[in-house]
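Working notes, structure below.
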Amino acid sequence: MGVFGKIIGALKKTKDNISSKLSALFAKNKLGDDFYDELEEILISADISVTTAEDIIDQIRAEAKAEKLKDKEFVIDLLKDVIEDTLCEAETPEIQYPAVIMLVGVNGVGKTTTIGKLANYFVREKKSVTVAAADTFRAAAADQLSVWADRAKVRIVKHEEGSDPSAVVFDAISSAKAKKTDVVIVDTAGRLHVKANLMEELKKMNRVVERDYPEAHFYKFLVLDATTGQNAMSQARIFDEAVELDGIVLTKLDGTAKGGFVVSLCGELKIPVVFVGTGEKLDDLQLFDAEEFTEGII
Amino acid sequence: MALFSSLSERLNHIFSKLTKHGKLTELEIKGAMREVRIALLEADVNIFVAKKFIADVSEKAVGQEILKSLNPTQQVIKIVNEELCALMGSTNAKLEVADRPPTVIMMCGLQGAGKTTLCGKLAVLLKKQGKKPLLVAGDIYRPAAINQLQVVGGKAGAEVFEKGTQNPVKTAKQGIEYARSMGYDTVIIDTAGRLHIDDALMQELENIKNEVHPNEILLTVDSMTGQDAVNVAETFNKRLDVTGVILTKLDGDTRGGACLSIKAVTGKPIKFIGVGEKLTDLEPFYPDRMASRILGMGDVLSLIEKAQEAVSEEQAKKLEKKMRDASFTLEDYLDQFESLKKMGGAAQVLGMMPGMSKLKIKESDFDEKRMERMKAIILSMTRKEREKPEIINSSRKKRIAAGSGTNVQDINQLLKQFDQTKQMMKQFKNGKRLPFMR
């Protein structure tokens, strides 16, 4: 299965969903407000935010004439255009080396697993990688990351559980500088974005990288679980305020969830999706492709 | 006003044209329910669940009399809230206990829902109840999952039974045998997170279930879950017939509408909620709190509740008559203080009252201490003085001041304020809607 095949495959369940709903909607053959209401519902059922769904509907309203609306293909094409354009509103960063990539996010979204897969991704790109186990809070998080580091065959820097995560980051970048490592990937403890003290801790780690490794290109990616609903916006907004996000990694796209909130993320917050996770194996991580994603979701 | 969330504001807008009391009409309900629908969707309630809910509530709401003490917005919110609570069931934080120990509790859920942490929390809770729990490590897939359970178990002061990466069905069975021989009365089986569409792994859970016959099968769900919650809950329930649900990560800012979806598709009780990273951060589930969270209403709902309790329909009518007759006395004034106190008394309460929000209310006029002082003053008056404040002369004032531990200025101020209140009430005469009085 090709790289894109995986994303489409992962989104196939979504695809069946939305297109079948659209067909049902057109079968009713009634236009007007009810039509737009139901179209909006279809979008929301993919976890696209209410605000974004309303925007999309407005755009379609503006462009579509009542007559043309009878044509399902016309509406679908219009939807695709609008969604894809929205997804492209945020520019994807190109990774330059030496790079430090820090993954942040709430608990249980799949940060540690993603780091394993990311490490593997860079190894395949023929880059040297060090992972920093800066989740010193969750029980056995460093052990979990060690297993992934072994699988991806990369170096790991870790401290005792409960130690200062910034110190782990400091050690990892010191060692990366000495060994001229291309990429340092930093795992961080899952934290709910509403916890101010934990967000401060994150900012401190941020400062350590900026201060002690200024020559590195520093990327901060928010890991979001595709199963999440409207709260994804709140997570993105607050993490962005704390550390200025460079992108999103969308995980667990192999379930039945749609992850439609990324449309809102790109549109409203201008944060691009960089990678998508589609499974628990080492190579279940792909670069995000707006066209493929749209194709899959509609 | 932060107290009023967007739903309340939107409803107010819809009802702004409605000036009279009366019954809620179909048209008004239709408009209001559109807003309720958006509120539910923004809270992640599944779209089909939301639609069904709206249809049911609309039917109930049309033709309902608007209570004297509420405005139409509050009336609609009240109906919606009651229905939400009813749908989410009652508080049920009890865990089944086996006739013959050990009681077996099996966890299940998607990856990252918070099962392992929850195992530790349940162990702490059970220990508090005097039980002896054993944790069984059934997650053989995620790297270091067993280590994690051991650390969590250590913190909870509960032993962890593990057999490495051997088949979890076997481990579960052996764990129960071990518990029996060691005198543990409760066994909590941690299982690997899995996608509900992963047939092989779902089969594994069925196998564990058939092998150990758990007393409780608890589905753990991240409260931030979106529209997909129905698919997840439905599949897990269909395959395992779960006995209850635990919602995790409610210490975030999610509105938690997934809860409603899960309840709607499974019909199973939500037993606990996880509200923090500490092992003691596990609470029983309260449907009323969850309802206001989903609606994003915060304390507004409880204020509505309290307003209803504090002012009976009868009281309100009596007061209304008094105001029309301008026979409002200091005695009634005292009653109002009492009601206000029952409601937790604050300026924001006044702001919620229909017709009152537009009046300028100084917060300082209603601070608690002042209210207590004013109460003391009125209580130090004779019955006659309360009926006819105009007879209060300076010697009476001195006596009242001494009796209430205040001074004459305070008495003057109270009398002045009482006068103003009476003036204010006159404004509501001539068929205008009466303010909601206490």
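Just so it is clear: chains get the letters A, B, ... in the order the sequence lines come, proteins before strands, and each one is counted from 1.
Inter-residue side-chain proximity for B:E206 and B:L240 is flagged as met; some heavy-atom pair is nearer than 4.5 Å.
With a threshold of 4.5 angstrom between heavy atoms, B:D251 approaches chain A through its backbone and through its side chain. Residue contact with chain B, scored on non-hydrogen atoms closer than 4.5 Å, is absent for A:I48. Neither the backbone nor the side chain of B:L149 comes within contact range of chain A, judged by heavy atoms closer than 4.5 Å.
Not a single ring-ring contact (aromatic ring centres under 6.0 Å, His included) links A:F261 to another residue, sequence neighbours left out.
In terms of heavy atoms, B:S58 sits closest to B:M33 at OG-CG, 3.3 Å.
Judged purely by distance below 3.5 Å, without hydrogens or angles, the side chains of A:Q230 and B:R255 never pair a donor atom with an acceptor atom. A donor atom on one side chain and an acceptor atom on the other are not found under 3.5 Å apart for A:T113 and A:E280.
When each of B:D253, B:L195, B:T225, B:N147 is scored by its heavy-atom pairs under 4.5 Å with chain A, the top score falls to B:D253. Ranked by non-hydrogen atom pairs under 4.5 Å with chain A, the options B:L41, B:T254, B:D44 are led by B:D44. Counting heavy-atom pairs under 4.5 Å between each of A:V147, A:N107, A:V106 and chain B puts A:N107 at the top. Contacts with chain A were tallied for B:R142, B:K155, B:Q150; B:R142 has the most, counting heavy-atom pairs under 4.5 Å. Heavy-atom pairs under 4.5 Å with chain B peak, among A:T251, A:N231, A:L145, at A:N231.
Between A:E41 and B:K51, at least one side-chain N (NZ, or NE/NH1/NH2) sits under 4.0 Å from a carboxylate O, which counts as a salt bridge. Salt bridge status for A:K258 with A:D47: absent, with no side-chain N to carboxylate O gap under 4.0 Å.
With values rounded to the nearest 0.5 angstrom, B:L118 atom CG is found 10.0 Å from B:L279 atom CG. Taking CG from A:D187 and CG from A:D135, the interatomic distance works out to 5.5 Å, rounded to the nearest 0.5 Å. To the nearest 0.5 Å, atoms CG (A:D55) and CD (A:E268) are separated by 7.0 Å.
Proximity to chain B at a heavy-atom threshold of 4.5 Å picks out A:S234, A:Q235, A:I238 from residues 233-240 of chain A, in numerical order.
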